[in-house]
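What follows is a short report on a single structure.
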Amino acid sequence: MSIPFPFTAVVGQDDLRLALLLNAVSPAVGGVLVRGEKGTAKSTAVRALSALMPEVPVVPGCRFSCAPGSPDPACPDGPHESGAGVRRPARMVELPVGASEDRLVGALDIERALSEGVKAFEPGLLADAHRGILYVDEVNLLHDHLVDLLLDAAAMGASYVEREGVSVRHASKFLLVGTMNPEEGELRPQLLDRFGLTVEVAASREPDQRVEVVRRRLAYDDDPAGFASRWADEEAAVRARIVAARELLPSVRLGDGALRQIAATCAAFEVDGMRADIVMARTATALAAWAGRTDVLAEDVRQAALLALPHRRRRNPFDAPGLDEDKLDETLEEFGGQSEDDDDPDPDGPGGGGGQPPSEGPDGSEGPEGGDTGARPEAGEGGEPQSSGGGAGEQQPARAGEPFRTKVLSVPGLGEGAAGRRSRARTEHGRTTGARRPLGTLTKLHLAATVQAAAPHQRARGRSGPGLVVRRDDLRQATREGREGNLVLFVVDASGSMAARQRMSAVKGAVLSLLLDAYQRRDKVGLVTFRGASADVALPPTSSVDAAAVRLESLPTGGRTPLATGLLKAHDVLRVERLRDPARRALMVVVTDGRATGGPEPVALASRAARLFAAEQIASVVVDCEAGPVRLGLAGQLAGELGGTAVTLDELRADSIAGLVKEVQGNSRRAA
């Protein structure tokens, strides 16, 4: 078994370590979501936490970790008699992003259930994580159906497995910890709200601290056991402090003054629902217990707000998480500091003040303050295409117009791509459309087809009782149809003909609206722009729609209109993506007025480039941005050559035109 990196040896990252420790003190806080760039010790710190968790008493031989004093009456391994039990270390269970549903919730032996009426159940990860830690690395990439199962288990504290009338239930209460890189896409709001706390992490810009990080990591890699032994005393001290804080926690008093501050803060920042208030109250209480105090102070409320509120203030995926600290301080001051009964308690308390985590070691450096969360690169960083000259001078980027709800654009036919909400596809979840023999492990039984396959053989198999004699060859897998996520590639005309500021603002607003739609439908997105004499991949295909929005906001305009170059660049992007992810189908959205200028025969070149997409049956939509009393209809002609359809900016709105999806599909079939 590998030796984890010691928790107390992690350099800096004070907010991350504090959030994890508070959940160790009070699991009722609700877990931690760790957001940040790659290489910032997110996974290292989470895996190190398990070594600090106190041991848990369990019923001997129970696969579901029942507590000896209060065993689960519905435990599949029960009933259990009350007893002393045995103690074992708390588990940290990792949920892989690509895990199957059976691996998460467990699997029933359907064949035995049908033929013998026996509930033969193999526990899954939710059972293993009961009374421990469930860790999901890259939680934002988790498939929707697994997210739904996690939400159900987190809400009810139990996992249910139900298939064809056979059901199993077991307790599943766990500390949920997730890590993610926002560049790879955002998290669904429903799961985001389930995390009690959130922390933004970033690599230190202090050379001395970076040196210490490298020094410790090299020492650990050279001799893990020796490195861990050098930090054994610090680890033991933190472990003892967690135990002491847990024992003190029931005695911590949350006064009316602190409660009023919590309620006023949540109201001032307009968070949805009441979960934020409850999480803040539990976090502030845990902070006081961690500091060795029995009273909650204003500083605890402030720190709790910085950890519990940033991710609950997001209204759409393009909002950066964070909290206005000046507004927070004003709210706390307005609604009073400590309660009437709090007569100047020691703010430091035994063992360190203010709920701070233990010192990180000999370097003595401090991590980022809680208020530094939510830092983002400047808009357009690294993604602003360079001016290519060749026409009108470059203009300052126009601001995007107000986004709106768009019509559903989908890819025709039936795909088999990643689960999502855009186009029809064969999936593991959805409505049942038929049955087939299982290719591997049976996951979704088609009961009627199974009975129909087994029925003719009952006499030959010697059936004498009421039970159905079922063999492996009789089992049938249900085939289901649901929705998939697609690659939506935006090809945006940024030339001089599109440069009128009011018009470009409307264009950016339309693309922003389509990006919001792509976020909701779990798509990958990419952005190609063309202007002057060239085309640029402003954003390679990614799951991060907010990154696309940043690049769009900083998009400059001006120059000629190399339409053919833009289409050929998009064709190259799609070709590479087909090699990387052949199951994910593409939808190209061209935003242009249809004009083509610059170079020899620009119109003819654009026409030939468009016919490449029609020949390969790539679904496409042209958003016609032509304005003015005289319209040339060039965008419509381009759509015809692409084998797609054209819509105006007004027609793109969800309430403006009926049957847009049918039109897209109909044009694609005619082109084929």
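Here, residue 1 is the first one in the sequence, and each next residue gets the next number.
Under the 4.5 Å side-chain criterion, counting only non-hydrogen atoms from C-beta, V139 is not in contact with T179. Between F490 and L514 the shortest side-chain heavy-atom distance falls below 4.5 Å. A heavy-atom distance below 4.5 Å is not found between the side chains of T198 and V32. V199 has its side chain out of reach of R35: every pair of non-hydrogen atoms, C-beta onward, lies at least 4.5 Å apart. The side-chain heavy atoms of P540 and V573, taken from C-beta on, include no pair separated by under 4.5 Å. A heavy-atom distance below 4.5 Å is not found between the side chains of M92 and L49. In this structure, the side chains of V58 and R131 come closer than 4.5 Å at one or more pairs of heavy atoms. Put simply, the side chain of L126 reaches to within 4.5 Å of the side chain of F174, judged on heavy atoms.
More than 12 heavy atoms of other residues, nucleotides or ligands shown are found within 6.0 angstrom of CD on E37.
R421 places a side-chain N or O within donor-acceptor distance of the main-chain N or O of Q520, the cut-off being under 3.5 Å. Under the 3.5 Å distance criterion, the side-chain polar atoms of Q13 are matched with a main-chain donor or acceptor of T40. Side chain of E481 to main chain of R424: no donor-acceptor pair is present (N/O by atom type, distance under 3.5 Å, no hydrogens or angles). Formation of a donor-acceptor pair under 3.5 Å by the R578 side chain with backbone atoms of A583 is not found in this model. With hydrogens and angles ignored, the 3.5 Å screen pairs no side-chain donor or acceptor of R584 with any backbone N or O of E416.
Note that CG of D523 and OG1 of T542 are 12.0 Å apart. Values are rounded to the nearest 0.5 Å. The CZ atom of R63 sits 10.0 Å away from the CG atom of D128 when rounded to the nearest 0.5 Å. In this structure, OG1 on T283 lies 11.5 Å from CD1 on I278, to the nearest 0.5 angstrom. How far OH of Y135 is from CG of L95: 11.0 Å, rounded to the nearest 0.5 Å. Rounded to the nearest 0.5 angstrom, R521 CZ and L587 CG are separated by 11.5 Å. The CG atom of D324 lies 12.5 Å from the CG atom of L309; values are rounded to the nearest 0.5 Å.
Every pair passing side chain to side chain donor-acceptor pair (under 3.5 Å) that includes a residue from residues 46-62 is listed here, sequence neighbours excluded: R47-E94. Within the structure, no pair that satisfies the salt bridge (charged side-chain N to carboxylate O under 4.0 Å, His left out) test touches residues 282-291, not counting sequence neighbours.
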Working for side-chain contact (heavy atoms from CB on, under 4.5 Å), residues L33 and L197: CA-CA 6 Å; L33 174 65; L197 310 179; over 6 Å; no
Stepwise salt bridge (Lys or Arg N to Asp or Glu O under 4.0 Å) test for E212 and R216: CA-CA 6 Å; E212 187 62 27; R216 294 187 191 183; 2.8 Å; yes
E484/R426 under salt bridge (Lys or Arg N to Asp or Glu O under 4.0 Å): CA gap, chis, key distance, verdict: CA-CA 8 Å; E484 67 177 0; R426 298 183 185 91; over 6 Å; no
R422 and D517: CA distance, side-chain angles, deciding distance, salt bridge (Lys or Arg N to Asp or Glu O under 4.0 Å) verdict: CA-CA 9 Å; R422 184 171 296 279; D517 183 67; 2.9 Å; yes
Residue pair L328, F269: steps toward the side-chain contact (heavy atoms from CB on, under 4.5 Å) verdict: CA-CA 9 Å; L328 173 61; F269 285 100; 4.0 Å; yes
Chi angles and distances behind the side-chain contact (heavy atoms from CB on, under 4.5 Å) call for L142, L150: CA-CA 10 Å; L142 199 64; L150 272 182; 3.7 Å; yes
Evaluation steps, side-chain contact (heavy atoms from CB on, under 4.5 Å), between L18 and Q303: CA-CA 10 Å; L18 177 60; Q303 183 68 63; 4.0 Å; yes
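Looking at every heavy atom in both residues, A276 comes nearest to R312 through CB-CD, 3.6 Å. The shortest non-hydrogen separation linking L146 to V97 is CD1-O, 4.1 Å. Across all their heavy atoms, L552 and L515 have their closest contact at CD2-CD1, 4.4 Å. Listed here is the closest heavy atom pair of V525 and S544: CG2-O, 4.2 Å. When every heavy atom of I262 is checked against every heavy atom of V301, the shortest pair comes out as CG1-CG1, 3.9 Å. Nearest heavy atoms, A286 versus S26: CB-CB, 4.0 Å.
Inspection of the T8 and E234 side chains reveals no N or O donor paired with an N or O acceptor under 3.5 Å. Counting only N and O atoms by type, the side chains of R88 and S65 include a donor and acceptor under 3.5 Å apart.
Under a 4.0 Å N-O distance rule, the pair K524/D581 does not qualify as a salt bridge.
Between Y220 and F5, the ring-plane angle classifies as perpendicular under the 30° and 60° cut-offs.
Applying side chain to side chain contact (heavy atoms under 4.5 Å, CB included) to S423 and the options V408, N486, L414 leaves one that passes, N486. When each of H130, R169, H80 is paired with D72, the side-chain hydrogen bond (donor to acceptor under 3.5 Å, both in side chains) condition holds for R169 and for no other.
Among residues two or more places apart in sequence or in another chain, the ring pair (Phe, Tyr, Trp, His ring centres under 6.0 Å) test is passed with H170 by F64.
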